[in-house]
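The structure appears below as C-alpha cells.
Hydrogens, waters and symmetry mates are skipped; everything else that's a heavy atom, side chains included, is used. Please read these numbers as outputs of a predicted model, since none were measured by experiment. We count ligands from 1, going down the list as the structure has it; atoms in each ligand are counted the same way.
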Amino acid sequence: MSSLPASLTVDLGALARNFHTLQEVTGRPVTPVVKADGYGLGAVAVAKRLMAEGARTFFVARAAEGVLLREGIGSEPTIYVLDGAHGENIKLIRGSNLRPVLNQPSQVENWLSSGGGACGLQIDTAMNRLGYRVENAPEPFAGIELVMTHLACADEPSNPLNRQQRDAYAGVVEKYPGVTRSFANSGGCFLGEDFGFDVVRPGICLYGGGPEGKPHDKIAPVATLNAQIMQVREVPVGETVGYSQGFRPEHPVTVATCGAGYADGVLRSYSPKGQVWINGELRPIIGRVSMDVLAVDVTGLNVKAGDSVELFGNNRLIDNAASAAGTISYELLTSITPRVPRIYVG
Ligand SMILES: *Cc1c(COP(=O)(O)O)cnc(C)c1O
C-alpha cells in the first residue's frame, strides 16, 4: 500500500508523443508554453523532456517563472516571458538571460533604456488583453526576434474571429521582415496550414487537454490524479455523508473516503456532478469535497482501504472531468497544489 493519499503521475512519454504530434499536425517547430509550473506538472521536468525531444524555445508568464526554469534547464534554451518588461522584473529578466515579450510602449522604453537586446513583441488582434493594437504596432527596432499574437477562440474552429485574427496578424507582421512569427496556441495548431506561421506555441495539448475543450483522438493523456481510499464504510438510509449533510442516501450505500480534497486542488465544484474511475467504472463523488478528503459511492464494488481512485487521467479523461466540474482542463491542472507529489514515469 502506497503511503501517498494523493499523487499526480506525469507520463513524460505521453508528453513527448503530444509534442511530436503537434509538430506533425502543423509541420512547424513547437515552442512549448510551460507557464504556471508547466500547467502544474513541473516546468523543469517537462522542459527537460521536451528539450530531449528537440524543443529549444519556451514561454513562461512571469519573470520569476523564467528564473526557476533557467536554473533548471541551463543556459542554452531561449525563454520568453509573456508578461513583458515592467518595473523590477527587468532585473530578473537580465539576471537569467530571459527575453521579454513587450506589450506596450512603456515596456519598450524600459527595455531599450535598460540596454535592449533580444526580445519579443505582442500584437493584440482581438483579446484586448496584452499587446499593441494592430494600428499602433511600433516601428521595428533592433532586438525584436519574435512577433506574436494570441487567439481568442481557438477552441471554436468555426468561429470567424479565428480567420480575422489570422489575417490581421499576417498584415501586421509584414512590418517586421525576418522576425520569427508565432501565432497558434493549442487550438490554433488544429485550424489548418495557414494558421501555422513559423513556430507554434501550444500549452494544454502538450499536457493532454484537447484543443477544443473535449478529448481529441490525437492527444494522449499525460497527467493522472489518483487518490487513495482511506476508509470504507456502510451508510444506512437516514444518515448523511459529509459537511452540511451534503449527501442523503436513498438506499444503503458503501462509501469510500479518498485522500484528496480542495487543499490538493480537487475543486469543490467536483461535486455534485463529479465522478472518479475505479475498478473499471465511473463512480459518483458524493457530498461536499472537503479540505483533505472526498467521498465516493462504491456500492457493490470490491474495494478496500489502500486501493486508489482516479480523478482524471488515462481512464477518466481530463476534459470530461473538467466539464463535470464546470471548468476547463487548464484549471484542473493548475489547481493541483504543492502538497500533491508529482511522480514522473515514461
Ligand atoms: C497560455 C498561452 C498559450 C498556450 O495556450 P494553450 O491554449 O494552452 O495552448 C499561448 N500563448 C499565450 C500568449 C498564452 O497566454
Pick out the protein N or O atoms lying less than 3.5 Å from any N or O of ligand 1, and list each pair with its distance.
residue, atom, partner, partner atom, Å
ligand 1, 7 (O), N185, ND2, 3.1
ligand 1, 7 (O), Y330, OH, 2.6
ligand 1, 8 (O), Y39, OH, 2.5
ligand 1, 8 (O), I204, N, 2.8
ligand 1, 9 (O), S186, N, 2.8
ligand 1, 9 (O), S186, OG, 2.6
ligand 1, 9 (O), G203, N, 2.8
ligand 1, 11 (N), H150, ND1, 3.3
ligand 1, 11 (N), R201, NE, 3.0
ligand 1, 11 (N), R201, NH2, 3.0
ligand 1, 15 (O), K35, NZ, 2.7
ligand 1, 15 (O), R129, NH2, 3.3

Compile the donor-acceptor pairs under 3.5 Å between side chains in residues 314-325 and protein atoms, sequence neighbours left out, one pair per line.
residue, atom, partner, partner atom, Å
N315, ND2, E310, OE1, 2.8
D319, OD2, G210, N, 2.8
S323, OG, D319, O, 2.8

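Of the charged side-chain nitrogens involved, none lies within less than 4.0 Å of a carboxylate oxygen, so that D124 and R133 do not count as a salt-bridged pair.
Of the options D198, V200, V199, V173, a side chain to side chain contact (heavy atoms under 4.5 Å, CB included) to S182 is made by V199 and by none of the others.
Partners of F312 under the ring pair (Phe, Tyr, Trp, His ring centres under 6.0 Å) rule, at least two apart in sequence or in another chain, do not exist in this structure.
Cation-pi geometry between R99 and W111 is not satisfied (NZ or CZ under 6.0 Å from the ring centre, within 45° of the ring normal).
In the hydrophobic clustering, V235 connects to V241, F247, V253, V255, I286, either directly or through intervening members, whenever side-chain heavy atoms lie under 4.5 Å apart.
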